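A short write-up of the structure that comes next.
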Amino acid sequence: MIKHLNLSRRDFLSTTAIGLGAVAEFTLTGAARAQTRSKQMSEHVQVDGIHPFPAAMQTRTIETNGTSIHVRVGGQGPAVVLVHGFGTSGDMWGHLASALIEDRTIIVPDLRGSGLSSKPDGGYEKKNLAVDVVGVLDVLGVRTFELVTHDIGIMVGYAIAATHPERVTRWVAIDAPLPGIGPWEKILQEPAMWHFGFGGKDMERLVAGRERIYLDRFWNELSRHPERFDEAKRQHYAALYAQPGAMRAGFAQFLSFSQDAIDNKAFLAKGKLQMPVLALGGEATFAPMIGEVIRGVADNVEVVTIPDCGHWITEEQPAATTKLVVDFLPRRS
């Protein structure tokens with residue numbers, strides 16, 4: 001089943017204005033929970049800086065697959081794993097974690113090479129990053145889980161879902177392509193994608209001490225509203241990417257796309273994913289292609305375009321993003 005929805009500007013603005021309340025049909029207990037959640041969701045308008053995570057969440061460092069993964073964990077109930085991409089870290093998910101924690105166990109890793117995770121020389125193929133994440137879940141004793149992914153996180157999410165389809169119950173894929181799938185060759189020809197091949201020791205020297213300049217290009221050019229990726233956020237993430245090895249790791253995420261394409265084609269040869277998938281695209285960036293990409297690897301897909309938004313969906317339209325994801329994930333009664 002494939003559904004394609006366009007969230008109109010009128011509906012979007014109306015939804016934001018009413019505080020993004022919970023949708024109906026719940027028991028009395030469910031209604032009380034929904035009221036709590038509605039209040040939480042109404043707080044997820046765009047704010048300066050990093051949205052704080054719920055106090056109930058704790059941080060851990062988990063050793064797996066030859067690396068150390070920094071992860072936030074908290075809440076109770078079915079597990080949902082939030083996977084970031086390039087230009088951010090797990091810190092991007094504070095608003096969504098706050099909306100889901102009432103009836104979910106929230107798991108937020110920093111990918112290998114990103115945030116506060118270790119930064120080894122290799123292993124940045126998305127199939128291997130998926131092994132990292134699954135290793136974290138195994139240590140935590142999590143068998144089945146929902147996935148919410150953005151940017152590079154989509155590629156990791158697909159690798160997880162393709163290699164462990166029995167463990168992934170639902171998948172949210174936000175605004176990015178999949179190497180080797182659908183319009184990939186067309187995407188590679190886009191001049192704006194020059195960074196896919198940018199990396200190596202000399203490029204690392206060019207960017208050293210200038211990480212903020214390099215990252216500003218992504219935050220500015222891939223946004224409909226660059227000002228919503230505000231100065232406090234930019235300083236926070238630039239400092240993380242200025243850590244030793246962080247930019248090398250970031251470059252490696254892109255330089256591994258050729259191997260990722262080979263791996264993705266091998267995954268697809270075994271059949272399409274059958275779990276429900278929500279594909280979200282920013283109107284100004286990947287919305288025109290996100291449906292084609294995700295329909296190429298999954299059969300049960302709902303596609304939503306977020307208006308007045310670029311690639312940085314959680315920063316540019318956090319309230320709309322939160323509502324769409326929360327509504328897609330089934331509530332506990």
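Values reported hereafter were calculated over all heavy atoms of this structure, with side chains retained and with hydrogens, waters and symmetry mates removed. Here the structure is a predicted model, which means the values were calculated and not measured.
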- [ ] Output, in order, the C-alpha distance, side-chain angles, deciding distance and verdict of side chain to side chain contact (heavy atoms under 4.5 Å, CB included) for Glu166 and Arg143.
- [x] CA-CA 9 Å; Glu166 76 288 355; Arg143 174 63 183 169; 3.7 Å; yes
Open item on the list: In this structure, is the centre-to-centre distance between the rings of Phe86 and Tyr237 below 6.0 Å?
Closed with: no
Open item on the list: Less than 4.5 Å apart, side chain to side chain, heavy atoms only: is that true for Tyr214 and His195?
Closed with: yes
Task: Any side-chain donor near an acceptor of the partner, Gln189 and Glu185, under 3.5 Å - done: no
TODO: Taking atom types as modelled, find out whether Gln76 and Thr105 have a side-chain donor-acceptor pair closer than 3.5 angstrom.
DONE: no
Task: N-O pairing of Asp216 and Arg210 below 4.0 Å - done: no
- [ ] Indicate whether any N or O donor in one side chain lies under 3.5 Å from an N or O acceptor in the other, for Ser114 and Ser89.
- [x] no
- [ ] Give the minimum heavy-atom separation between Asp48 and Asp230, together with the two atoms involved.
- [x] CA-OD2, 3.2 Å
Task: Residues forming a side chain to side chain contact (heavy atoms under 4.5 Å, CB included) with His225, sequence neighbours excluded - done: Glu227, Arg228, Asp308, Glu316
TODO: For the residue pair Trp219 and Lys233, establish whether any side-chain heavy-atom pair is separated by less than 4.5 Å.
DONE: no
- [ ] For Trp93 and Thr314, test the side chains for any donor-to-acceptor distance below 3.5 angstrom and give the result as yes or no.
- [x] no
Open item on the list: Among residues at least two apart in sequence or on other chains, which ones pass side chain to side chain contact (heavy atoms under 4.5 Å, CB included) with Asn65?
Closed with: Arg112, Asn128, Val131, Asp132
Task: Ile106 and Phe53, any side-chain heavy atoms less than 4.5 Å apart - done: no
TODO: Kindly indicate whether the side chain of Tyr158, heavy atoms from C-beta on, has any atom under 4.5 Å from the side chain of Asp263.
DONE: no
Task: Nearest non-hydrogen partners of Thr61 and Ser68, listed with the distance - done: CG2-CB, 3.9 Å
Open item on the list: Do Pro183 and Glu292 have side chains that approach each other closer than 4.5 Å (heavy atoms only, starting at C-beta)?
Closed with: yes
Task: Heavy-atom side-chain contact between His150 and Leu82 under 4.5 Å - done: no
- [ ] Could you tell me whether a side-chain N or O of Lys272 sits under 3.5 Å from a main-chain N or O of Arg295, the two making a donor and an acceptor?
- [x] yes
